[in-house]
Amino acid sequence: MPPPTPLSHRDMASDGPRCYVGVCTFQNQGKNAENQDSYIATENGTKSLVAVLDGHGEQGKRVSEFARSQLAKNLYASKDLYTKPAVAMENSFAETQRSIERSHAIDAQRSGTTAVVCYRHRDHLVVANVGDSRAVLGRCSSREGDGRSLRAVDLSSDQRPMREDERTRILQQGGLVHQSAIPMRQGFGPPVLVRVGPERVWDKTGRCGLCVTRSLGPARDMDRSNCGSHFSSRNALFRHLHHDGCGGKRKRSRRLLLLYGYVGTRFHGSQLNADESRFPTVEGALLEAIRRAEMAQHNVFSCQVEVCSRASRTDKGVHALASAVCLRITQQSEGDLKSSQQEAFSEIVGQHLPPDIRLVQAFDVLDAQFNARFACQKREYWYYIPYQHLLHPKEQTMMAKLKAEGTSSNHPCACRVWVSGLPESANNDQLFDLVETLRSKEDLPKGRLLDVQFSRKDCSAMLSFEDARSALCLCWNLDGTEGPVDKTGYRSPLLALPESIMQILQEVHKRLRSSLKRLTGTRSFHNFSPGFADALDPKSIRSVYRCRSGVTTGFKDFLRGKAFAVLRITGRDFLYHQIRGMAGLVCAVTLGIVPEAYLELALGETQIEVPLAPAGHLVLAECFFRDGLFGCPFGQANREERDKAGGRRGDLSMHPFVIAQPEVSERTLCSKDKVLILGSDGVWDRMISQEAVDIAAKHTDPNAAAREVASIARQRWHVETQGQLSDDITAVPGPAWCILPGFLCFLRCQTG
């Protein structure tokens, strides 16, 4: 509620009549299970505050509700509210943006909210807008001012890429503006990209498209220089001095999410133990290295490092490529830390780490409520199995013969070479040129390359040579060589195998995938982990999202005896020894030691014994966080999440192209101003401003006006989408001030 007006700013002569507020809202259809809209509709005597916030993205509801409370709070707390209301409004948006960055940075990475806000004090109206929401004023067009004929006056301008000034700003900063592109097939030809939909703002990677050019949520560059900031309260100043002080002995605390890899042979698991001297762990060595690195700085005299949360943990002897842990680092120092010291955190800590631990990357965590365990959506583990433990006796004999013959094999399929790792745009000419280039560098047989058969599904090709000796020698040289250039200019290393070996390995992986398929889904894994009496224990139920296996070994590794089959198992979380039990049982079934029916028995209610594979072959490959956040530089989390989302739009990640700077305008209300309508793009995409004003002018009850406008908007959505889709639609007739009786109608509707 608006606070009471101070006595020094009261003017009883200007008081107007009281206003009325009503609300009508409809849940969306065919989009998601929540209404991401939020609103403000309050009045207190001569003051009124109304706002419409249209959330977008996966966490749009959370961001819009948080921004709603912060906008009103910051506006009412401003000292300029009664003297300079426009300045107060602009400052409230800036402070709300800072609050989102501090408290909801994780949610706002790919979510945000538009906002249109109107503040009225007596006859003075202030309008602020970010995004494509709109404020429309209904003004009498007749001299009598009876309100029967109203003319629509737009009080705000939609901030979309089609505006010339917004487009110019984005392009000058390096952003992109264009429509979305979807592949479409015409007849029997190859698919082509077709531009559809409205113009969107895209970042430099082209992965995020947003229909608006301004939104609460886009990150701005934080200024952390010496005492150059202004603070709204003494508490804010004290917090700054406590954590980011500008001189003397100061205590600073920060949260970091670390991605780190390790060889777990000598460690008793990854989780920190109470007795690190007897049972060393990976986290114990990591924390000690961070303490030494922080204390090595000349202006730091004390440092404390503690674990806040972890995304995963591994057992004794298990390795990791990119495990994740969230740490709180508290240090006391004299003066300010140099920016170079903070930016080179990974390099400084790496100098104090043991050789079997490597720090991959460090991310700042701004959300105090962040929990790495719950923010991690899935984990992927790899289990390495030597092929010699998966081959049947006949296959072992054939592989031993091929290995002994090497490049002099006379197998019928030896003249054909399988090559993987090719870009999607690779063609015959590029492979012919690559073969000729290798021949010119090495003294290789002159057998011709006869044919190339591509497999676009897995980006591989089968090369047919004139004789087996030429094929095997070129296979040895192709394995590990950089392939043709892709669209981004990158050359991926190739994987090459003779078809004679490839046929045997494909049969092995066919048996592996048949067994792994039975382990996917949500099941009770009580037989795969100790401590469970039966399958009825709810703690034994786990979800395995995906199990894969494929050929990842080249010709060189095969001849050197380093050929491994890799089982890739992805799931939400896993039990103690669960993956080792899964790998051991799959190996037993693949070799024929136990029948395939044993898999169903192990997943059923029967209590049976499951073979346990060794821990030394298990690797935690990656932790996948929501929206691709904290992605490993050499991992696949960002790309998989981006492909799954189909270019999910983002806000914090769209800086500096999408900004949170509002457009603020002021005007003085008069007796001809009857109706004010606030709406988001869902309303204005289905009706023009004049039509909404005409509908509102027919009603004296704001609730009735809200219901009719919202119903018409929803009906048009259903007609145009054949009843398959409608947005969140909310109408909020709220307070208004006018000399003659009237009402204020606020409408909003979310779009995709």
Side-chain angles (χ1 to χ4, degrees), residues 2 11-24 39-52 85-86 89 116-129 133-158 663-680 683-684 686-713 730-749:
D11 183 5
M12 300 304 297
S14 299
D15 288 350
R18 291 188 62 86
C19 310
Y20 305 92
V21 181
V23 177
C24 179
Y39 64 89
I40 303 173
T42 62
E43 63 89 19
N44 185 7
T46 62
K47 293 185 294 296
S48 304
L49 177 66
V50 287
V52 169
M89 180 71 76
V116 57
V117 183
C118 291
Y119 173 73
R120 175 195 66 86
H121 188 199
R122 301 190 185 97
D123 61 347
H124 192 74
L125 181 67
V126 180
V127 181
N129 179 46
S133 300
R134 190 186 309 167
V136 178
L137 182 67
R139 196 168 199 184
C140 288
S141 58
S142 61
R143 293 183 178 181
E144 292 80 6
D146 54 4
R148 297 177 183 176
S149 178
L150 299 182
R151 177 173 56 89
V153 179
D154 290 339
L155 300 182
S156 62
S157 177
D158 297 350
E663 291 181 336
V664 182
S665 62
E666 299 179 87
R667 70 181 296 122
T668 301
L669 298 174
C670 66
S671 59
K672 291 186 177 183
D673 299 327
K674 301 298 182 181
V675 178
L676 181 63
I677 303 177
L678 270 69
S680 68
V683 173
W684 311 122
R686 295 297 178 263
M687 65 175 61
I688 62 176
S689 303
Q690 186 61 52
E691 183 181 1
V693 170
D694 293 341
I695 294 173
K698 298 186 302 182
H699 298 274
T700 58
D701 180 10
N703 286 292
R707 285 192 296 269
E708 181 175 352
V709 175
S711 299
I712 292 176
T730 306
V732 187
W737 180 90
C738 22
I739 295 178
L740 297 179
F743 63 89
L744 187 62
C745 186
F746 297 91
L747 308 175
R748 60 189 177 84
C749 170

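Computed from heavy atoms alone, side chains included, the values below leave out hydrogens, waters and symmetry copies.
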Please list, chain by chain and in numerical order, all residues satisfying salt bridge (Lys or Arg N to Asp or Glu O under 4.0 Å) with E691, sequence neighbours excluded.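 If we apply the salt bridge (Lys or Arg N to Asp or Glu O under 4.0 Å) test to E691, skipping adjacent residues, the hits are R716.
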What pairs with D694 under salt bridge (Lys or Arg N to Asp or Glu O under 4.0 Å), at least two apart in sequence or on another chain?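 If we apply the salt bridge (Lys or Arg N to Asp or Glu O under 4.0 Å) test to D694, skipping adjacent residues, there are no hits.
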Can you tell if the side chain of [X] reaches within under 4.5 Å of the side chain of [Y], non-hydrogen atoms only?
X	Y	result
V116	R134	no
N129	S133	yes
L125	L155	yes
V50	I40	no

List the atom of [X], the atom of [Y], and the distance in Å for their closest heavy-atom pair.
X	Y	value
R139	C670	NH2-SG, 3.1 Å
C118	A135	SG-CB, 4.4 Å
A713	M687	N-CE, 4.4 Å
V126	A86	CG1-CA, 4.0 Å
A705	A696	CB-CA, 4.3 Å
A692	W684	CB-CZ3, 3.8 Å

Can you check whether S671's main-chain N or O pairs, donor with acceptor, with K674's side chain at less than 3.5 Å? yes
So, does R120 use its side chain to make a donor-acceptor pair with the main chain of R122 at under 3.5 Å? yes
With sequence neighbours left out, what residues match S157 under side-chain contact (heavy atoms from CB on, under 4.5 Å)? R163, E663
Y119 pairs by side-chain contact (heavy atoms from CB on, under 4.5 Å) with which of H124, M89, E666?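 When side-chain contact (heavy atoms from CB on, under 4.5 Å) is applied between Y119 and each of H124, M89, E666, only M89 qualifies.
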Testing L676, D154, V153 one by one against V136 for a side-chain contact (heavy atoms from CB on, under 4.5 Å), which residue passes?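 For V136, the side-chain contact (heavy atoms from CB on, under 4.5 Å) test succeeds with only one of L676, D154, V153, which is D154.
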Atom pair CG/CD1 of L150 and I695 - distance to nearest 0.5 Å: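 Atom-to-atom, L150:CG and I695:CD1 are 12.5 Å apart.
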OG1 of T668 to CG of D123: how many Å apart, nearest 0.5 Å?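 Output value for this atom pair is 5.5 Å.
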